Structures are given as C-alpha cells and as structure tokens.
Number of protein chains: 2
Amino acid sequence: METIEQILESKNIRVTAMRMLIYKFLVEKEVAVTLSDIENAFEKADRTTLYRTIKTFEEKDIVHQIDDGTGITKYALCEKDCNCEIETDLHLHFHCTNCNKTICLTENKIPKITVPDGFISENVNLVVKGICDKCSG
Amino acid sequence: METIEQILESKNIRVTAMRMLIYKFLVEKEVAVTLSDIENAFEKADRTTLYRTIKTFEEKDIVHQIDDGTGITKYALCEKDCNCEIETDLHLHFHCTNCNKTICLTENKIPKITVPDGFISENVNLVVKGICDKCSG
DNA sequence: ATAATAATTGCACTTCCATTGCATTGATTT
DNA sequence: AAATCAATGCAATGGAAGTGCAATTATTAT
C-alpha cells in the first residue's frame with residue numbers, strides 16, 4: 001500500500017501538507033469535483049492555491065479534467081493504471097442531471113470512433129447525460 | 001428551395017432582419033461558431049440580441065449547442081433532417097486543436113453506449129480532438 | 001388606419017469561473 | 001546559515017453567460 005507521499009513523489013510532485021490534504025480529499029470523493037467543491041472543503045486555504053494544486057496534479061497526470069457540459073470544469077483522480085494521455089484508455093463520464101454529480105465510468109471504455117479521411121484523432125471525450133443509479137432508484 | 005423566411009416561419013420563429021442575417025451567417029459558416037464569432041461579424045448589433053437570437057434558434061431546434069471542451073460554447077445549424085433531440089440521431093463533433101475549429105461530423109453517428117444498471121442515458125456528447133483535414137494536409 | 005398589445009432589441013449591470021502578477025512564506029540545497 | 005527555488009496568499013483582471021428594464025419595432029384588434 002503506497003502512502004500519499006510516495007504517490008506524489010513518484011510523480012515528481014513535491015510533497016506539501018496542502019497537497020496531501022487535497023489528494024486525500026480527491027481519494028475520498030467518488031465523483032468528479034469542481035474547484036468550488038474543493039474550496040468549500042478547505043475554507044481556510046486560498047482559492048489560488050487550490051487551483052494551482054489541481055493544475056499541478058493535472059500536469060503530472062494524477063488528475064484528469066472533465067468537461068461534462070455544465071460549463072464548470074470538474075476534476076477526478078485517475079485510476080491507478082490510468083493513462084489518460086493514451087487514447088485507447090479513455091473512459092466515459094456520466095453526468096446526472098438530477099443530482100448534478102459527474103461519475104467516471106472507468107469500466108465502460110469508449111468504442112472505437114472513426115473519423116473521415118484527413119482527420120487525425122488524438123483524444124476523445126464522451127459524456128453521457130441522464131439519471132444516475134442513486135437518483136433513478 | 002426554401003427561403004430563410006420560410007425556414008424561420010416553419011419553426012415558429014418570427015422573422016426579423018437581424019434573425020435573417022444571423023441565420024445567413026450560420027449557413028455560410030461550415031463550422032460551429034462561438035458567440036464572439038457572431039459578435040465580430042455583426043459589430044453594430046448588441047451582444048444581447050445575438051445571444052438571445054441564438055438561444056431562440058436553439059429552443060426552436062434549428063441550431064444545436066456544442067461543448068467541445070474549449071470552455072466556450074459553440075453553435076451550429078442543424079442539418080435539414082436533423083433531430084437533435086432524438087438520441088439516436090446524435091452525431092459527433094471534431095475539434096481541431098490546431099485551427100481551433102469545431103466541425104459537425106454528421107455522417108458519423110455515435111455508437112450505442114452502454115451504461116451500468118440503474119443509470120438512465122438521456123443524452124450523449126462526443127467530441128473528438130485532433131487535427132482536421134485542412135490542417136493535416 | 002389607428003390604438004392597443006406583444007415581441008424584439010439595446011444598454012447597463014451582475015455573476016461566476018478561470019487565470020495571472022506580485023509579494024511573502026516556506027522548503028531545499030550549497 | 002545563506003542563498004535559491006518552489007509554494008502559498010492576496011489582489012486584481014478577463015471572459016463568458018445571463019438578467020432587468022427601457023425603448024423600439026412588429027402584430028393584432030378595434
């Protein structure tokens with residue numbers, strides 16, 4: 001079992017108290033979070049710090065950004081073996097229009113998408129909107 | 001050949017000079033446009049008017065909104081036989097990271113997406129990012 | 001045709017999220 | 001311990017989306 005310190009260090013992220021707290025927060029959340037969500041969880045910390053922390057995480061590939069169409073960027077921890085940058089590993093996201101939660105459906109891989117001649121596909125983003133399991137039950 | 005007036009009327013949109021101009025602009029563009037694009041094309045008109053016009057078009061289903069992940073909402077005319085609201089008719093969008101253009105690939109329908117039990121899919125948004133035919137050539 | 005009514009447009013303003021500059025604090029290295 | 005570099009906090013900015021209200025224009029009814 002890796003500690004948070006080890007995880008951060010393995011990704012060349014300098015370990016600070018703040019970063020460890022935010023990482024922990026992301027682990028505990030099972031859904032994608034907005035910057036405001038993080039902000040509300042750490043009211044003592046400055047918005048900018050949180051913003052830059054998440055951006056650092058993103059750069060170092062331990063967090064990926066999700067654009068679920070709500071207009072607000074959300075973030076979620078990558079899976080252990082996630083290679084966000086690799087096209088074939090892309091999973092889809094589900095946005096519940098009822099509870100406004102966005103969930104990474106890591107089990108559901110995106111089917112192969114064909115694009116017309118001349119187009120070069122580098123990245124695929126797929127968001128399904130609807131009602132999640134908790135809200136539909 | 002339908003005139004713009006006829007198209008608008010058939011969708012229960014009251015015909016005004018402004019609306020005809022914006023419709024014409026959208027027809028001539030082959031890519032999805034942002035509000036700023038429209039704004040730049042009609043500098044004499046007020047932003048709000050353009051905004052509300054495009055919202056009206058959207059409501060009346062002659063324009064659909066595209067969220068290509070750039071953070072800025074884009075709009076494009078629906079195809080003649082487009083039924084944006086019908087899930088099975090959804091097409092995908094291609095966003096070129098080089099020229100920043102977003103193109104409707106109306107020929108490429110989105111494959112059926114399966115979601116886990118309990119989830120109800122109502123809408124699917126799929127954006128492929130990469131290099132478009134003009135930029136890759 | 002004209003008055004009454006309703007929809008559209010323009011202006012001003014607000015809100016919200018994302019982002020940056022700069023000073024300060026804190027951690028690392030020499 | 002001094003020097004260096006990264007991280008944090010504060011303040012401010014920018015951009016896009018959206019709203020209220022007054023003025024204008026179109027539509028309907030008299």
Side-chain angles (χ1 to χ4, degrees), chain A residues 4-26 32-60 62-76 95 100 102, chain B residues 4-26 32-60 62-76 95 100 102:
Chain A
I4 296 182
E5 281 102 323
Q6 286 168 341
I7 295 170
L8 294 182
E9 274 167 4
S10 74
K11 292 284 187 174
N12 285 313
I13 300 169
R14 289 164 79 143
V15 177
T16 68
M18 199 70 249
R19 285 174 178 173
M20 285 176 60
L21 284 171
I22 295 176
Y23 188 91
K24 194 157 171 290
F25 175 75
L26 292 172
V33 298
T34 65
L35 202 55
S36 308
D37 292 335
I38 304 177
E39 221 181 307
N40 293 334
F42 299 95
E43 298 198 334
K44 281 175 287 186
D46 188 78
R47 185 181 291 177
T48 316
T49 304
L50 304 173
Y51 172 73
R52 286 200 257 238
T53 300
I54 206 83
K55 285 291 168 192
T56 302
F57 284 2
E58 202 190 338
E59 263 170 36
K60 304 289 186 180
I62 62 172
V63 152
H64 64 272
Q65 192 172 331
I66 303 161
D67 182 357
D68 65 7
T70 55
I72 300 155
T73 306
K74 292 184 178 172
Y75 303 90
H95 175 66
N100 199 35
T102 297
Chain B
I4 295 180
E5 280 103 322
Q6 287 169 341
I7 295 170
L8 295 180
E9 275 168 2
S10 73
K11 292 287 187 173
N12 285 316
I13 301 169
R14 289 163 79 144
V15 178
T16 69
M18 198 71 249
R19 284 172 177 175
M20 285 176 61
L21 283 171
I22 295 176
Y23 189 92
K24 195 159 170 288
F25 175 75
L26 292 171
V33 297
T34 65
L35 202 55
S36 307
D37 291 336
I38 305 177
E39 220 180 312
N40 293 334
F42 299 94
E43 297 199 334
K44 281 175 288 187
D46 189 77
R47 239 170 32 81
T48 316
T49 305
L50 303 174
Y51 171 74
R52 286 201 255 238
T53 300
I54 206 83
K55 285 291 168 192
T56 303
F57 283 4
E58 202 188 339
E59 261 170 38
K60 303 291 184 179
I62 61 172
V63 151
H64 64 273
Q65 195 171 330
I66 303 162
D67 182 356
D68 64 7
T70 55
I72 301 157
T73 307
K74 293 186 179 173
Y75 303 91
H95 175 66
N100 200 34
T102 296

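FYI, side chains are in, hydrogens and waters are out, and symmetry mates aren't considered; it's all heavy atoms of this structure. Owing to the predicted nature of the structure, the values given are computational and were not obtained by experimental measurement.
Of the residues near DNA chain D, B:Arg14 and B:Thr73, the one whose nearest nucleotide (by heavy atom distance) lies more toward the 5' end is B:Thr73. Between A:Thr16 and B:Ile13, the residue whose closest nucleotide on DNA chain C is further toward the 5' end is B:Ile13. A residue-by-residue look at B:Thr48 and A:Thr49 shows that A:Thr49 has its nearest nucleotide of DNA chain D further toward the 5' end.
Atom pair B:Met18:CE and D:dT24:C1' shows a separation of 15 Å (rounding to whole Å applied). The separation between B:Asn12 atom CG and D:dT27 atom P is 14 Å, rounded to whole Å. Taking atom CD of residue B:Glu59 and atom C1' of nucleotide C:dT8, one finds them 14 Å apart after rounding to whole Å. C:dC16 atom P lies 17 Å from atom NZ of A:Lys74, rounded to whole Å. Separating the CD atom of B:Glu39 from the C1' atom of D:dG15 is a distance of 11 Å, rounded to the nearest angstrom. Remark: P of C:dC17 and CD1 of A:Ile54 are 16 Å apart, rounded to the nearest angstrom. Distance A:Ile72 CD1 to D:dA17 P: 13 Å, rounded to the nearest Å. The CD atom of B:Glu43 sits 14 Å away from the P atom of C:dC11 (whole-angstrom rounding).
You'll find the side chain of B:Ile22 reaches within 4.5 Å of the side chain of B:Leu26, heavy atoms only. B:Phe25 has its side chain within reach of B:Val33: a pair of non-hydrogen atoms, C-beta onward, lies under 4.5 Å apart.
A donor-acceptor pair under 3.5 Å is formed between the side chain of A:Thr34 and the backbone N or O of A:Asp37.
When the side-chain nitrogen and oxygen atoms of B:Arg19 are compared with OP1 and OP2 of C:dT8, one or more of them lie within a distance under 4.0 Å. Taking 4.0 angstrom as the limit, B:Tyr51 places none of its side-chain polar atoms (N or O) nearer than this to OP1 or OP2 of D:dA17. Not one side-chain nitrogen or oxygen of B:Lys55 sits closer than 4.0 Å to the OP1 or OP2 atom of D:dA17.
Heavy-atom neighbours of A:Lys24 NZ from other residues, nucleotides or ligands within 6.0 Å: at or below the threshold of 12.
Considering only side-chain atoms of A:Ser36, the nucleotide from D:dC21, D:dC10, C:dC17 that sits closest is C:dC17.
B:Arg47 comes within 4.0 angstrom of a nucleotide base, judged by non-hydrogen atoms across all strands.
Donor-acceptor pairing under 3.5 Å, judged by distance alone, is absent between the side chain of B:Arg52 and the base of D:dG18.
In this structure, the ring of B:Tyr75 has its center no less than 6.0 angstrom from the ring center of B:Phe57.
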